[in-house]
Amino acid sequence: MPAGFTVAYDKTLNKVTARWTANKEMDLAGYRVYRRLTGTTAWSRVGGTTTPLTTTTFTNSPPPTGQAYAYEIRAVDKAGNESVGTVDLPITSVDRTAPGAPTGLKAVENALRGVDLKWTAPTATDVAAYRVYSDGTLVDTVTDTAYSNHWLTPGTTYTYTVRAVDRAGNVSAAASASFTRSGDLVAPAPITGLKATPREDGVFLEWTRNTEPDVKYYRIYKAERYDNGEGGTGWVAYKLGYYLGPDESSFLHESTPDGENVLYGVVAVDTWDNEMDAMDPAMNWVEVTELGTPEAG
């Protein structure tokens with residue numbers, strides 16, 4: 001059996017250097033180097049695999065998996081007989097092996113108008129986290145095999161990728177899935193047929209119902225005349241705090257009959273929260289003079 005056996009491990013180069021003292025037997029043919037994964041009994045011959053080594057030093061690169069290995073040396077005579085092995089000397093290899101990619105990545109739209117991602121973990125036991133990317137940009141790092149993203153842009157397609165990261169910082173290949181957010185970015189058409197009838201209890205509005213299938217509600221606008229400070233006047237519009245269902249086609253805006261000249265407008269808002277801007281030239285306004293007498297200026 002060889003004596004003076006030592007091992008040194010260089011983590012930067014991932015190199016194990018084994019050294020030992022030469023045997024004195026006259027029929028010595030050389031040496032063989034063996035390695036096994038700690039916790040197992042199966043030895044692999046890594047040095048002197050074809051013919052025995054005639055030197056007393058040997059360099060080996062173990063799998064860079066972060067696992068522990070044991071080495072031993074055995075002397076071989078010219079008849080092919082092996083000695084018993086030296087004492088086993090352990091090393092723990094550097095971990096430069098990435099885990100496998102996540103599998104089964106699925107993207108499903110959620111109730112918050114976003115996406116729920118789910119995937120299956122790789123078989124590696126040292127996965128510490130997952131990096132989630134949207135269109136190539138890192139959006140989050142999670143430890144669970146799920147991720148949710150909310151309030152995505154309607155009608156837009158996103159590509160999601162997920163990579164596993166182990167405790168040593170090694171990053172896996174990516175699992176990918178595409179997802180298209182339902183909906184669109186188009187506001188419902190302008191409201192037509194708008195009428196305004198002044199009454200003692202306010203102004204009664206009527207309009208032609210918008211028949212687009214994704215209309216969610218109607219919003220009422222009122223505009224009042226103002227002095228612009230330069231000898232002219234203009235209109236300032238503001239939203240009234242009412243939300244009318246998609247089947248509605250009339251509304252009484254209760255107000256004091258003070259004889260003012262005002263404008264009313266109605267816009268449809270769809271499921272995706274698209275709506276025409278009150279300043280859009282295509283918006284239809286109706287002018288009405290309220291009942292009553294204007295207040296003295």
Task: All salt bridge (Lys or Arg N to Asp or Glu O under 4.0 Å) counterparts of Arg209, not counting sequence neighbours - done: Asp247
Task: Linked hydrophobic residues, Val171 as query - side chain contacts closer than 4.5 Å - done: Val165
TODO: For Ser61 and Asn14, test the side chains for any donor-to-acceptor distance below 3.5 angstrom and give the result as yes or no.
DONE: no
Task: Donor-acceptor pair between Arg96 and Asn170 side chains, under 3.5 angstrom - done: no
Open item on the list: Tell me whether Glu82 is salt-bridged to Arg74, with the criterion being a basic N under 4.0 Å from an acidic carboxylate O.
Closed with: yes
TODO: Output every pair passing ring-ring contact (aromatic ring centres under 6.0 Å, His included) with a member in residues 73-112, not counting sequence neighbours, ordered by first then second residue.
DONE: none
Task: Between Ser182 and Glu109: side-chain donor-acceptor atoms closer than 3.5 Å - done: yes
Open item on the list: Give me each pair satisfying ring-ring contact (aromatic ring centres under 6.0 Å, His included) with a member in residues 124-172, each pair once, sequence neighbours excluded.
Closed with: Trp119-Tyr130
Open item on the list: Do Thr271 and Asp214 pair up side chain to side chain, a donor and an acceptor below 3.5 Å, judged on atom types alone?
Closed with: no
Task: Glu290 and Lys222 ion-paired at < 4.0 Å - done: yes
Open item on the list: Side-chain heavy atoms under 4.5 Å apart, restricted to Ile/Leu/Val/Met/Phe/Trp/Tyr: what other residues fall into the cluster of Tyr34, or is it alone?
Closed with: Trp43
- [ ] Name all residues meeting the salt bridge (Lys or Arg N to Asp or Glu O under 4.0 Å) criterion together with Lys118; count only those two or more places apart in sequence or in a different chain, and write none if there are none.
- [x] none
Task: Leu263 side chain near Trp235 side chain, heavy-atom distance below 4.5 Å - done: yes
TODO: Using the test salt bridge (Lys or Arg N to Asp or Glu O under 4.0 Å), find all partners of Arg131 that sit at least two apart in sequence or belong to another chain.
DONE: none
Open item on the list: Test question: given the 4.5 Å side-chain rule for I, L, V, M, F, W and Y, name all other residues clustered with Tyr217, or answer none.
Closed with: Tyr243, Val269
- [ ] Test Leu244 against Ile220 for side-chain contact (heavy atoms from CB on, under 4.5 Å), laying out the working first.
- [x] CA-CA 8 Å; Leu244 308 176; Ile220 310 297; 3.9 Å; yes
- [ ] Evaluate the side-chain proximity of Asp77 to Glu25: yes if any heavy-atom separation is below 4.5 Å, no if none is.
- [x] no
TODO: Determine, for Arg167 against Asp95, whether the closest basic-nitrogen to carboxylate-oxygen distance falls under 4.0 angstrom.
DONE: no
Open item on the list: Centroid separation under 6.0 Å, is that true for the rings of Trp285 and Tyr264?
Closed with: no
Task: Lys/Arg N to Asp/Glu carboxylate O, Arg35 vs Asp88, below 4.0 Å - done: no
Open item on the list: Give me each pair satisfying ring-ring contact (aromatic ring centres under 6.0 Å, His included) with a member in residues 94-114, each pair once, sequence neighbours excluded.
Closed with: none
Open item on the list: I'd like to check the side-chain hydrogen bond (donor to acceptor under 3.5 Å, both in side chains) partners of Glu248; sequence neighbours left out, ordered by chain and number.
Closed with: none
Open item on the list: Does anything in residues 172-209 form a ring-ring contact (aromatic ring centres under 6.0 Å, His included)? List the pairs, not counting sequence neighbours.
Closed with: Trp207-Tyr218
TODO: Check which hydrophobic residues are tied to Val186 through side-chain heavy-atom contacts below 4.5 Å, counting indirect links as well, and list them.
DONE: none
